[in-house]
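First up is the structure itself, then whatever we jot down about it.
Side chains included, hydrogens not; waters and symmetry mates left out as well; all remaining heavy atoms used. Atoms within each ligand, like the ligands themselves, are counted from 1 in listed order.
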Amino acid sequence: MNFTGKTAVITGGYSGIGRAVAEKLASKGADIALVGIGSDEDKQAALKAVGDLGVRVKAYDCDVSDFAAGEAVIKQIIDEYGKIDILINNAGINRDKLMLNMTEAEFDAVIAVNLKGAFNMTKHVYKPFMRQRSGRIVNLASIVGLNGNAGQANYCASKAGVIGMTKAVAKELAARNVTVNAVAPGYIDTPMTQALSDKVKDEIAAMIPMKRRGLPEDVANVIAFLCSDYASYVTGEVIRVDGGIAM
Ligand code: NAP
């Protein structure tokens with residue numbers, strides 16, 4: 001696997017799975033543009049970790065739910081790096097609650113980042129990828145977008161939407177040698193899931209056939225495969241990375 005000469009844009013790249021993807025692609029030679037709104041501490045740590053791998057890296061503060069900001073940041077990255085080869089739509093949030101108690105604002109916020117954010121970024125690489133007749137897009141879905149989960153109607157809807165959008169855009173861009181795929185992680189240890197108590201985390205691990213929670217690197221490895229030449233004939237696919245829990 002070799003990404004030398006490629007530029008990868010990773011949204012939500014300052015922490016969790018996004019940072020692991022950045023490090024994985026960088027370790028194989030990709031130049032990295034991190035797009036996020038995380039803390040300055042996370043941003044600096046991600047910049048150092050990726051920079052230490054000897055590739056070009058820069059962070060762009062941008063809220064992916066803002067269409068105009070997404071357009072501006074993609075334009076700026078193309079201006080500065082010359083081109084984009086890989087887009088990872090990873091930025092995501094959750095606002096978990098039974099629908100009984102879920103507010104309209106909580107529903108809208110999750111859709112705005114997880115689904116509309118992926119649209120906003122994809123929309124602005126669409127033409128460049130068409131013109132260059134190459135490109136890789138990987139969207140972060142979730143097993144709950146396939147199976148549903150009580151207390152996550154907003155999140156499940158956003159991730160099911162991401163899966164539908166992945167397949168639609170994969171069909172639109174296939175003839176242009178652009179692949180569009182999704183990964184559907186199960187339970188992965190990241191800042192998004194750290195609020196759970198150790199007891200709940202252990203109970204989750206016990207329910208997973210592989211008897212352990214996932215690591216960000218487990219997801220990053222599959223994303224790297226989808227971005228690589230090994231996956232050049234794979235598009236519109238959704239790959240679960242879940243230790244077997246959604247079988
Ligand atoms: P995370 O550590 O919270 O990472 C998400 C990143 O996205 C954070 O850096 C976050 O910044 C950033 N972000 C949030 N809203 C944004 C916005 N509007 N614009 C730009 N960046 C934004 O969570 P993660 O677990 O790595 O999640 C990564 C992706 O995997 C998400 O799409 C998530 O839904 C998906 N996923 C995760 C799991 C899991 O078990 N962890 C399972 C299935 C799917 P802040 O730090 O400021 O919030």
Honestly, for Ala184 the part within reach of ligand 1 (heavy atoms, under 4.0 Å) is neither

Logged contact type for Val64 with ligand 1, heavy-atom cut-off 4.0 Å, is both

| said: Angle between ring planes, Phe119 versus Phe67, binned at 30° and 60°: parallel, tilted or perpendicular? | reply: parallel

Check the side chains of Asp42 and Ser15 for a donor-acceptor pair under 3.5 angstrom, ignoring hydrogens and angles. no

| Is the closest basic N to carboxylate O distance between Lys24 and Glu217 below 4.0 Å? | no

At under 4.0 Å between heavy atoms, what of Cys62 touches ligand 1? The answer is backbone

A student checking ligand 1 against Ile17 at a 4.0 Å heavy-atom cut-off should list atoms 26 (O), 30 (O), 37 (C)

**Request:** Look at ligand 1 and say whether Asn90 reaches it with a heavy atom at a distance under 4.0 Å.
**Result:** yes

Per-atom filter on ligand 1: closer than 4.0 angstrom to a heavy atom of Ser142 are 43 (C), 44 (C)

If we number the atoms of ligand 1 from 1 as shown, the ones under 4.0 Å from a heavy atom of Asp63 are 17 (C), 18 (N), 19 (N)

### Query
Nearest protein heavy atom to atom 48 (O) of ligand 1: under 4.0 Å?
no

Show, in sequence, the C-alpha distance, side-chain angles and deciding distance for Arg213 and Asp218, and conclude whether the salt bridge (Lys or Arg N to Asp or Glu O under 4.0 Å) test is met. CA-CA 10 Å; Arg213 301 184 302 272; Asp218 292 320; over 6 Å; no

- Any N/O pair Lys159/ligand 1 closer than 3.5 Å: yes

